[in-house]
Amino acid sequence: MSAGLSTRVVHGGERTSHAEEVLAVVERIPRGKVMTYKDVSEYVGWGSGRTVGAVMSRHGHEVPWHRVLLSNGRPNPANPEEALRLLKRDRTPMMPDGERVDLKRARWDGR
DNA sequence: AGCCTGACAGATA
DNA sequence: GTATCTGCCAGGC
């Protein structure tokens with residue numbers, strides 16, 4: 001199995017919607033760490049990178065949305081400037097070009 | 001049920 | 001590096 005991705009997020013029997021689980025996970029991503037859309041979908045065991053993106057688009061305005069990235073390390077296409085600014089404020093490990101996050105170092109596995 | 005849409009991802013050229 | 005295609009899958013109509 002791939003590192004940490006088999007862990008399901010379960011809220012003590014509480015019946016939460018999939019969208020809420022997605023937001024709950026994003027909220028837990030530590031400063032300086034990131035997850036990809038796909039990472040999140042696998043972590044919560046629901047949907048796909050695409051569907052996580054849809055959730056973030058509609059309900060992600062109050063969580064650290066800038067810590068959710070494309071698989072190539074680039075930030076959210078809807079607001080890349082702002083995302084980059086916040087990521088740098090987080091001291092997120094970046095690639096030399098400063099445009100992409102260094103996923104190798106910054107990826108969060110949920111621990 | 002069927003069709004379309006989309007803050008995605010991987011493979012290929 | 002870019003462009004294109006295919007697969008993905010929940011939501012809305």
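Every chain is numbered from 1 and lettered A, B, ... according to where its sequence line falls, protein lines coming before strand lines. All values reported here derive from a predicted model rather than from experimental measurement.
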**Asked** Closest nucleotide of DNA chain B for A:S57 versus for A:K38: which of these residues is on the 5' side?
**Response**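 The answer here is A:S57.
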**Asked** Of all residues at least two apart in sequence or in a different chain, which pass the ring-ring contact (aromatic ring centres under 6.0 Å, His included) check with A:H18?
**Response**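 Scan of A:H18 (ring-ring contact (aromatic ring centres under 6.0 Å, His included), adjacent residues dropped) gives A:W46.
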Nucleotide N/O to protein N/O under 3.5 Å, stretch nucleotides 5-13 of chain C:
residue, atom, partner, partner atom, Å
C:dC9, O4', A:S48, OG, 3.4
C:dG12, OP1, A:R58, NH1, 3.3

**Prompt:** Can A:H66 and A:D90 be counted as having a side-chain donor-acceptor contact under 3.5 angstrom?
**Reply:**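 Per modelled atom types, A:H66 and A:D90 side chains form a pair under 3.5 Å.
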Find the distance [X]:[atom1] to [N]:[atom2] and express it as a whole number of Å.
X	N	atom1	atom2	value
A:E99	C:dT2	CD	C1'	16 Å
A:R107	B:dA9	CZ	C1'	11 Å
A:M95	C:dG1	CE	C1'	14 Å
A:Y37	B:dA9	OH	P	8 Å
A:N72	B:dA9	CG	C1'	10 Å
A:L70	C:dT2	CG	P	13 Å
A:N76	B:dA7	CG	C1'	4 Å

Are any side-chain N or O atoms of [X] and backbone N or O atoms of [Y], one a donor and one an acceptor, separated by less than 3.5 Å?
X	Y	result
A:D102	A:K104	yes
A:T36	A:S71	no
A:E20	A:S17	yes
A:K88	A:P93	no
A:K33	A:R67	no

**Request:** Just call it for A:S41: base, sugar-phosphate, or nothing, with non-hydrogen atoms closer than 4.0 Å on any strand.
**Result:**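 Counting heavy atoms under 4.0 Å across all strands, no contact is made by A:S41.
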**Approximate separation, where rounding is to 0.5 Å, of A:I29 CD1 and A:M35 CE** =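 Between atom CD1 of A:I29 and atom CE of A:M35 there are 6.0 Å.
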**Spacing of A:L103 atom CG and A:R74 atom CZ [to the nearest 0.5 Å]** =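 CZ of A:R74 is found 12.0 Å from CG of A:L103.
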Contacts under 3.5 Å, N or O only, protein and nucleotides 11-13 of chain B:
none

**Asked** Looking only at atom C1', what distance separates B:dA7 and C:dC13, rounded to whole Å?
**Response**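 The answer is 22 Å between these two C1' atoms.
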